[in-house]
Amino acid sequence: MPSSRYLVSALLSGINWQKTDVIVELGAGTGAVTESIVKQHSADTLFICFEFDQELHQRLVKRFPETEMAYDAFKLLASLKKHNKTQSNYIVSSLPFANFSKTDQQVLLEQIKEALAADGQLILYQYSKQLEPLLAKHFQKLDRRYVWQNIPPAYVYHCSN
């Protein structure tokens, strides 16, 4: 089920689009968040969108031909390097961290933290607070809100240092 407009709004509400050089989306799925990012980012912004599922990935490529598409979120740093970038202002994630092993959660969060600019933010949603202790271990500041209007309701986190 695609993310609702309420969830998309909660995810993207704090982004300063005029000062965004690089934005990354992890787990684009059906493209609900992708569509909003495409509409809002400036022409100068590098937008890299990751989706691992081949069928969804191909749909996204057709729907958003101007967007750089990649498959594997675990190759985030390599993908940035391919574009002569080392960091992103924002990383927006719809990845289901609860489905990942503890090791994979740790590896991915370490890579995300390395890929974020000093004033960058990881913005993600989850359906439980299970990931919160690991987020708190990696980030000094966690802002959490609950989006009741989404089905199912979701926690949205804005994480920074």
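Since the model is a prediction, treat every value here as computed from it, not as a measurement.
At least one side-chain heavy atom of Leu12 sits under 4.5 Å from a side-chain heavy atom of Trp17. Counting heavy atoms from C-beta on, the side chains of Tyr90 and Leu122 never come closer than 4.5 Å. Counting only heavy atoms from C-beta outward, the side chains of Thr103 and Gln106 never approach each other to under 4.5 Å. Residues Lys113 and Asn161 meet the side-chain proximity criterion, which asks for heavy atoms closer than 4.5 Å. A heavy-atom distance below 4.5 Å is found between the side chains of Arg144 and Lys129. The side-chain heavy atoms of Ile37 and Glu25, taken from C-beta on, include a pair separated by under 4.5 Å. A 4.5 Å side-chain heavy-atom check between Phe47 and Val22 finds every atom pair outside the cut-off. With a 4.5 Å cut-off on side-chain heavy atoms, Ile23 and Thr45 count as touching.
More than 12 heavy-atom neighbours from other residues, nucleotides or ligands sit within 6.0 angstrom of CZ on Phe74.
In this model, a donor atom of one side chain and an acceptor atom of the other lie less than 3.5 Å apart for Asn150 and Ser4. Between the side chains of Gln58 and Gln54, no donor-acceptor pair is found at a separation under 3.5 Å. For Ser101 and Gln105, the side-chain atoms include no donor-acceptor pair closer than 3.5 Å.
Nearest heavy-atom pair, Leu116 versus Asn89, reported as atom, atom and distance to 0.1 Å: CD2-O, 4.1 Å. Across all their heavy atoms, Ala28 and Cys49 have their closest contact at CB-SG, 3.3 Å. The minimum heavy-atom distance linking Val33 with Ser3 is given by the pair CG2-OG, 4.3 Å. Nearest approach of Pro65 to Lys62, heavy atoms of both residues: CD-O, 3.6 Å. Between Gly31 and Leu60 the shortest heavy-atom distance is CA-CD2, 3.7 Å. When every heavy atom of Pro153 is checked against every heavy atom of Tyr127, the shortest pair comes out as O-CD2, 3.3 Å.
Here the options are Ile48, Leu26, Ile123, the test is side chain to side chain contact (heavy atoms under 4.5 Å, CB included), and the partner is Ile91; only Leu26 passes. The residue from Ser88, Ser160, Cys159 that alone fulfils the side chain to side chain contact (heavy atoms under 4.5 Å, CB included) condition with Gln121 is Ser160.
Following chains of ILVMFWY side-chain contacts shorter than 4.5 Å, one cannot reach Val156 starting from Leu142, and the two form parts of different hydrophobic clusters. Cluster annotation: Val38 is connected to Leu7 through the hydrophobic network of ILVMFWY side chains, with a link wherever side-chain heavy atoms come within less than 4.5 Å. When the side chains of ILVMFWY residues are joined at heavy-atom separations under 4.5 Å, either directly or via intervening members, Tyr157 and Leu95 end up in a single hydrophobic cluster. The cluster map of Ile, Leu, Val, Met, Phe, Trp and Tyr, joined by side-chain heavy atoms under 4.5 Å apart, puts Leu134 and Val92 in different clusters. Note on Val61 and Leu46: separate hydrophobic clusters, where clusters join Ile, Leu, Val, Met, Phe, Trp and Tyr whose side-chain heavy atoms are under 4.5 Å apart, directly or indirectly.
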Glu114 vs Leu77, side chain to side chain contact (heavy atoms under 4.5 Å, CB included): CA-CA, chis, key distance, verdict: CA-CA 8 Å; Glu114 186 176 338; Leu77 293 170; 3.6 Å; yes
Candidate pair Glu35 and Arg63, rule salt bridge (Lys or Arg N to Asp or Glu O under 4.0 Å), full reasoning: CA-CA 9 Å; Glu35 180 177 19; Arg63 188 171 166 199; 3.0 Å; yes
May I have the step-by-step check of side chain to side chain contact (heavy atoms under 4.5 Å, CB included) for Asp53 and His57, ending in yes or no? CA-CA 6 Å; Asp53 180 276; His57 182 95; over 6 Å; no
Quick one: do Asp143 and Arg145 satisfy side chain to side chain contact (heavy atoms under 4.5 Å, CB included)? Show the steps, please. CA-CA 7 Å; Asp143 289 327; Arg145 71 182 271 203; over 6 Å; no
Passes side chain to side chain contact (heavy atoms under 4.5 Å, CB included), Tyr155 versus Glu132? Steps please. CA-CA 10 Å; Tyr155 293 96; Glu132 197 166 307; 5.7 Å; no
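Between Phe52 and Tyr71, the gap from one ring centroid to the other reaches at least 6.0 Å.
Going from atom OH of Tyr125 over to atom OG of Ser94 covers 4.0 Å, rounded to the nearest 0.5 Å. Separation of atoms CZ (Phe97) and CD (Gln130) is listed at 11.5 Å; rounding is to 0.5 Å. The CD atom of Gln87 lies 9.0 Å from the CG atom of Asp119; values are rounded to the nearest 0.5 Å. Considering CG of Leu76 and NZ of Lys81, their distance stands at 13.5 Å, rounded to 0.5 Å. From Leu135, atom CG reaches atom NE2 of His158 across 12.5 Å, with rounding to the nearest 0.5 Å. A distance of 8.0 Å separates CG in Asp104 from CG in Leu108, rounded to the nearest 0.5 Å.
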